[in-house]
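Below: the structure, in structure tokens.
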There are 2 protein chains.
Amino acid sequence: MEPDRFKTLISEEGLKSTRQRAEILDIFLNSTGHRNLAEIHARVARMNPKIGYTTVYRTLKLLTRLGLAAERKFADGETRYEPTHKGTHHDHLICLGCGKIVEFEDDGLESLQNRIARGHGFRIFHHRMELYGYCSPCVRKKTPLRRKG
Amino acid sequence: MEPDRFKTLISEEGLKSTRQRAEILDIFLNSTGHRNLAEIHARVARMNPKIGYTTVYRTLKLLTRLGLAAERKFADGETRYEPTHKGTHHDHLICLGCGKIVEFEDDGLESLQNRIARGHGFRIFHHRMELYGYCSPCVRKKTPLRRKG
DNA sequence: CCCTTTTTGAAATTGAATTTCAATTTCATT
DNA sequence: AATGAAATTGAAATTCAATTTCAAAAAGGG
Ligand SMILES: [Mn+2]
Ligand SMILES: [Mn+2]
Ligand SMILES: [Zn+2]
Ligand SMILES: [Zn+2]
């Protein structure tokens, strides 16, 4: 996102455009997703050690409100953030071995969820769906299946 | 679960059978699911005010290890427990209006999840799937659609 | 530049989850 | 029934992320 578009977005909300917010957004958007606050703050602080943890916290909340960030809570319970610039909704495959997170999108899954909800008289607004298991490298590491000889 | 079967189960684990554990199990199994610790402890304390929060905490952890309880963390982040005596795996529909939780099971969903995981080279061990929306009474309350006249 | 409002950041607070530890209880063994 | 080692209990302490507080600093409209 260009700095100017962010300034506009910010001021449309009646908020002020600050150096801190711009820096945090920049760093956040240019890093890989699913990071917790401590990680994001560490990265921000490497660039500008004056920026406090609280400001990073508040800015990530703000970005979430603006739709630029998405808050995630996987099984470990920690709050993580990911940029939404990829735009579309997606769910997650999470490796219990190495922690790798793979994103996926499946229309069949989405429509099945809606069908199930409708079957129970629910009108769904969002869902949460995470698949926990082992990625193929980790499966290979764990189960040496059978060796030659 | 009969007290004797619990005693056996407990001692098979090399643990001791105590009055507290029996009481907590009894109360836990005879109440509706998805309760947080404070709620479970409150109910236990009503029966026996001598039993401490910590013991309830540890006992629920124990029951989870024994497979008699399942730990759940829905979107509010609080840890909740439900008895597993219904046995089978299920997922949840959660009403954002009234908090009602509806359980469902859908083989098609389960197999689709496995298919998706396999497609990404993952071997899945468990998953988490919650659908958030409004139940029909809450939908009716929120959107008075159209009135006669 | 001025003034009001917002923002910042260090420190304090909150609250659930977990650990500590001395006192108590269990239970296998006499 | 008494003994004693090992497990359990429960109040209090600790942990730790999340959130709030508040005085000082910065933004930005006029
Ligand atoms: Mn993602
Ligand atoms: Mn359930
Ligand atoms: Zn892996
Ligand atoms: Zn409802």
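Chain letters run A, B, ... following the sequence lines, proteins first, then strands; residues in each count from 1.
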Could you go through nucleotides 17-19 of chain D and list every protein N or O atom that sits under 3.5 Å from one of its N or O atoms, giving the distance for each pair?
residue: D:dA18; atom: OP1; partner: A:Thr79; partner atom: N; Å: 3.3
residue: D:dA18; atom: OP1; partner: A:Thr79; partner atom: OG1; Å: 2.8
residue: D:dT19; atom: OP2; partner: A:Tyr57; partner atom: OH; Å: 2.9
residue: D:dT19; atom: OP2; partner: A:Lys61; partner atom: NZ; Å: 3.2
residue: D:dT19; atom: O5'; partner: A:Tyr57; partner atom: OH; Å: 2.9

Ring geometry between B:His120 and A:Phe104 (parallel below 30°, tilted from 30 to 60°, perpendicular above 60°):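 Rings of A:Phe104 and B:His120: tilted, 30 to 60°.
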
Might you list the N or O atoms of the protein lying below 3.5 Å from N or O atoms in nucleotides 28-30 of chain C, with each pair's distance?
none

Minimum-distance nucleotide (side-chain atoms of A:Thr18 versus C:dC27, C:dG9, C:dT7):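 From the listed options, C:dT7 comes nearest.
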
Nucleotide of D:dG10, C:dT26, D:dA27 approaching A:Arg19 most closely (side-chain heavy atoms): D:dA27

Could you give the [atom1]-to-[atom2] distance, from [X] to [N], as a whole number of Å?
X       : N      : atom1 : atom2 : answer
A:Ile10 : D:dG29 : CD1   : P     : 14 Å
B:Arg58 : C:dT25 : CZ    : P     : 15 Å
B:Glu39 : C:dA17 : CD    : P     : 11 Å
B:Leu60 : D:dT8  : CG    : C1'   : 16 Å
A:Glu23 : C:dT8  : CD    : C1'   : 13 Å
B:His41 : C:dA16 : NE2   : P     : 14 Å
B:Ile51 : C:dT25 : CD1   : P     : 13 Å

For A:Asn30, side-chain hydrogen bond (donor to acceptor under 3.5 Å, both in side chains) partners two or more places apart: A:Asp26

Which pairs, protein N/O on one side and nucleotides 2-6 of chain C N/O on the other, fall under 3.5 Å?
residue: C:dT5; atom: O2; partner: A:Lys16; partner atom: NZ; Å: 2.5
residue: C:dT6; atom: O4'; partner: A:Lys16; partner atom: NZ; Å: 3.4

Passing option when B:His34 is tested against B:His92, B:Glu78, B:Glu39 for side-chain hydrogen bond (donor to acceptor under 3.5 Å, both in side chains): B:His92

N/O donor-acceptor pairs under 3.5 Å from side chains in residues 7-14 of chain A, not counting sequence neighbours:
residue: A:Thr8; atom: OG1; partner: A:Asp4; partner atom: O; Å: 2.9
residue: A:Ser11; atom: OG; partner: A:Thr8; partner atom: O; Å: 3.4

By ring-ring contact (aromatic ring centres under 6.0 Å, His included) - contacts of A:Phe6 (at least two apart): none

Residues forming a ring-ring contact (aromatic ring centres under 6.0 Å, His included) with B:His89, sequence neighbours excluded: B:His127

A:Gln20 side-chain N/O to C:dG9 phosphate OP1/OP2 under 4.0 Å: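 It does, given that an N or O in the side chain of A:Gln20 lies less than 4.0 Å from OP1 or OP2 of C:dG9.
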
Short side-chain N/O contact from A:Ser11 to OP1 or OP2 of D:dG28, under 4.0 Å: no

Counterpart residues, salt bridge (Lys or Arg N to Asp or Glu O under 4.0 Å), relative to [X] (two or more places apart):
X        : value
A:Arg21  : none
A:Glu130 : A:Arg128, B:Arg128
B:Glu110 : none
A:Arg72  : A:Glu82

Selection residues 57-70 of chain B - residue pairs positive for side-chain hydrogen bond (donor to acceptor under 3.5 Å, both in side chains), sequence neighbours left out: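 Found B:Lys61-B:Glu71.
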
